[in-house]
Visitor: 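Take a look at this one; I'll ask things after.
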Protein chains: 2
Amino acid sequence: MADFSSPSLRRAPPRGDDRLFLTERKLRQGAELMFFAYRDFTEDADKLLTGRDYGRAHHRTLHFIGRQPGISVAGLLEILAITKQSLARVLKPLIADGLVRSETGADDRRKRLLYLTEEGRAFEGQLSLAQRERLTNAFREAGPEAVEGFRRVMALMIDSDRRDDILDFVYSNADAGNVETKE
Amino acid sequence: MADFSSPSLRRAPPRGDDRLFLTERKLRQGAELMFFAYRDFTEDADKLLTGRDYGRAHHRTLHFIGRQPGISVAGLLEILAITKQSLARVLKPLIADGLVRSETGADDRRKRLLYLTEEGRAFEGQLSLAQRERLTNAFREAGPEAVEGFRRVMALMIDSDRRDDILDFVYSNADAGNVETKE
DNA sequence: CAATTTACGTCAGGAGTGTTGACATAAAAA
DNA sequence: TTTTTATGTCAACACTCCTGACGTAAATTG
């Protein structure tokens, strides 16, 4: 926000007006960039999904299971922030199609621990490859400093009350190798 | 993509592995940031929409009509990149509810020129205010350099073949004041 | 001027995602 | 033993997007 109480802004109408105008514009531009960039960002994976009876929700589910093998249904629900009914509609076919394996928890037999199967890992790899290529190109062309700025702004876009939790998750190692940690 | 044939990566396992790991990680982190940030970015406006029989598509439609008063249906379709059937379902209620006004083109009477009504502008203002506040906070806390990096990365995320057109649009002035330029 | 193209509207059907409400079961916890 | 927790599931509804098909008015073209 511009500081309207600033004397320099008050006594210089054209300069002040211009600054305010630029600020408003930049915010609108930022919002539009979010829209256009996100639309194309998801485009590649979406194409791989269509025709398979799968959608973006299936991709996200595969991604987060691959990210944290052995994650429980509740854990997945918390990250995705959807209802269990919504998750069930996505998870059921993934299990039926052999992309995800559900296992009864060892210590807590109520829990269902989720893992990608060999086939699931392969498909998830295909999906993320598309996005990774786009990100790679963007990051490389933009340069390290721009990427750092991107990360900062994106992090600050997240709801402040859950930001720390989300960032802890994003920047945690977990199981980045997507290894099916069975036992 | 990492070059696995690179000698430096081959003869320095820990260092090379680490570099590759960090790169892969950063890409995954970037993808997750896109997901989490976009989800929360749209959250505020979504809340204002629910219960009104309106959705995100209505918001986008209002936004781009407000951005370019007098835009034709075809112009809107090109920006939104959806089918005319999809747009019709959104546009019809907006017109019926008096948020958007459709006018026959003066020079080309086949065209329908779209404008926000007083009420439409008010509602669009409410919607964009929510997003603007989130962006304002993020931009202010991140700092100007980070914002510049954000803009660069986001721009590079857009499909390269339409990137220039999109950026021309985003960074054009058009009618940023949302004035209903009737005549 | 007749034929074609353009801009738009619309009916019909289908897929995917997300929601709320309600009910059921097995297992852990109190 | 009672309650709570983790999960599954049936049903219904809202929003968004798509493809295919048909229709109309107006501009353009030969």
Side-chain angles (χ1 to χ4, degrees), chain A residues 35 38-39 42-43 45-65 70-97 100-114 127, chain B residues 35 38-40 42-43 45-63 65 70-97 100-114 127:
Chain A
F35 167 62
Y38 194 77
R39 186 176 67 184
T42 58
E43 185 188 42
D46 283 352
K47 280 181 189 163
L48 292 172
L49 268 333
T50 55
R52 284 218 196 199
D53 277 12
Y54 292 154
R56 212 173 280 182
H58 299 81
H59 180 192
R60 288 197 285 258
T61 301
L62 289 174
H63 171 89
F64 287 116
I65 294 176
I71 190 173
S72 68
V73 172
L76 209 43
L77 285 177
E78 196 184 342
I79 291 173
L80 295 170
I82 57 177
T83 60
K84 62 177 174 178
Q85 295 92 323
S86 295
L87 178 58
R89 191 185 22 224
V90 168
L91 198 51
K92 202 154 55 168
L94 287 176
I95 293 173
D97 295 346
V100 170
R101 184 164 51 84
S102 174
E103 224 173 79
T104 299
D107 43 314
D108 189 336
R109 293 174 49 76
R110 291 172 304 180
K111 289 188 179 174
R112 296 291 172 269
L113 308 186
L114 305 170
L127 293 172
Chain B
F35 167 61
Y38 193 77
R39 186 176 68 185
D40 287 0
T42 58
E43 186 188 41
D46 283 352
K47 280 181 188 162
L48 291 172
L49 267 334
T50 55
R52 284 215 196 201
D53 276 13
Y54 292 153
R56 210 173 282 181
H58 298 83
H59 179 193
R60 288 197 285 258
T61 302
L62 289 174
H63 171 89
I65 294 176
I71 190 173
S72 68
V73 171
L76 209 43
L77 285 177
E78 196 184 343
I79 290 172
L80 294 170
I82 57 177
T83 60
K84 62 177 175 178
Q85 297 92 323
S86 294
L87 177 58
R89 188 186 26 227
V90 167
L91 198 51
K92 201 153 56 167
L94 287 175
I95 293 173
D97 296 346
V100 170
R101 184 163 51 82
S102 174
E103 225 174 77
T104 299
D107 43 314
D108 190 335
R109 292 175 47 78
R110 290 173 305 181
K111 289 188 179 173
R112 297 290 172 268
L113 309 186
L114 305 170
L127 293 171

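Order of the sequence lines fixes the chain letters, A, B, ..., with proteins taken first and strands second; residue numbering starts at 1 for each chain.
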Visitor: Applying side-chain hydrogen bond (donor to acceptor under 3.5 Å, both in side chains), can you list everything that pairs with A:S86, at least two apart in sequence or on another chain?
Guide: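 side-chain hydrogen bond (donor to acceptor under 3.5 Å, both in side chains) list for A:S86, sorted by chain: A:T83.
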Visitor: Roughly, in whole Å, what's the span from CG in B:L114 to P in C:dA7?
Guide: 14 Å
Visitor: Kindly compute the distance separating CZ (B:R110) from OG (B:S72), expressed to the nearest 0.5 Å.
Guide: 11.0 Å
Visitor: Kindly write out the residues that satisfy side-chain hydrogen bond (donor to acceptor under 3.5 Å, both in side chains) with B:Q85, not counting sequence neighbours, or none if the list is empty.
Guide: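 Testing B:Q85 for side-chain hydrogen bond (donor to acceptor under 3.5 Å, both in side chains), a comparison that skips the adjacent residues, returns none.
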Visitor: Taking atom P of D:dA6 as reference, at what distance in whole Å does atom CG of A:L76 sit?
Guide: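 The distance from CG of A:L76 to P of D:dA6 comes to 15 Å, rounded to the nearest Å.
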Visitor: In chain order, what residues pass the salt bridge (Lys or Arg N to Asp or Glu O under 4.0 Å) check against A:E78, with sequence neighbours excluded?
Guide: none
Visitor: Nucleotide by nucleotide, 5' to 3', does protein get under 4.0 Å of the base (B), only the sugar-phosphate (S), or neither (-) in nucleotides 16-23 of chain D, counting heavy atoms?
Guide: BBBBBB--
Visitor: May I have the distance from A:E78 (atom CD) to D:dT7 (atom C1'), rounded to whole angstrom?
Guide: 16 Å
Visitor: What residues, two or more places apart in sequence or in another chain, satisfy salt bridge (Lys or Arg N to Asp or Glu O under 4.0 Å) together with B:R89?
Guide: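 B:R89 satisfies salt bridge (Lys or Arg N to Asp or Glu O under 4.0 Å) with no residue once adjacent residues are dropped.
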Visitor: Without decimals, in angstroms, what is the distance between B:L77 CG and C:dG9 P?
Guide: 9 Å
Visitor: Whole angstroms only, please: what is the CG-C1' distance between A:D46 and C:dG16?
Guide: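 My rounded result for the distance is 11 Å.
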Visitor: What's the spacing between B:L114 CG and B:L87 CG if we round to 0.5 Å?
Guide: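 Rounded to the nearest 0.5 Å, the CG-CG separation comes out at 8.0 Å.
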Visitor: Remember a base hit wins even if backbone is also touched, and classify B:T50 as base, sugar-phosphate or nothing at under 4.0 Å, heavy atoms.
Guide: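 Here B:T50 touches no strand at all.
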Visitor: Considering only residues two or more places apart or on different chains, which pairs with a residue in residues 48-59 of chain B satisfy salt bridge (charged side-chain N to carboxylate O under 4.0 Å, His left out)?
Guide: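 Only B:D46-B:R56 qualify under salt bridge (charged side-chain N to carboxylate O under 4.0 Å, His left out).
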Visitor: In whole angstroms, how far is the C1' atom of D:dA6 from the CG atom of A:L91?
Guide: 14 Å
Visitor: How would nucleotides 25-30 of chain C be written as a contact map, 5' to 3', with B for base contact, S for sugar-phosphate-only contact and - for no contact, using protein heavy atoms under 4.0 Å?
Guide: --BS--
Visitor: Within this structure, what is the CG-to-C1' distance between A:L94 and C:dT17, rounded to whole angstrom?
Guide: 14 Å
Visitor: Tell me every residue that passes side-chain contact (heavy atoms from CB on, under 4.5 Å) with A:R39, counting only those two or more places apart in sequence or in another chain.
Guide: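 side-chain contact (heavy atoms from CB on, under 4.5 Å) check on A:R39 returns A:F35, A:F36, B:A81, B:R162, B:I166.
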Visitor: What residues, two or more places apart in sequence or in another chain, satisfy side-chain hydrogen bond (donor to acceptor under 3.5 Å, both in side chains) together with B:Y38?
Guide: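 For B:Y38, no residue satisfies side-chain hydrogen bond (donor to acceptor under 3.5 Å, both in side chains) once neighbours in sequence are set aside.
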Visitor: May I have the distance from B:R52 (atom CZ) to D:dC15 (atom P), rounded to whole angstrom?
Guide: 13 Å
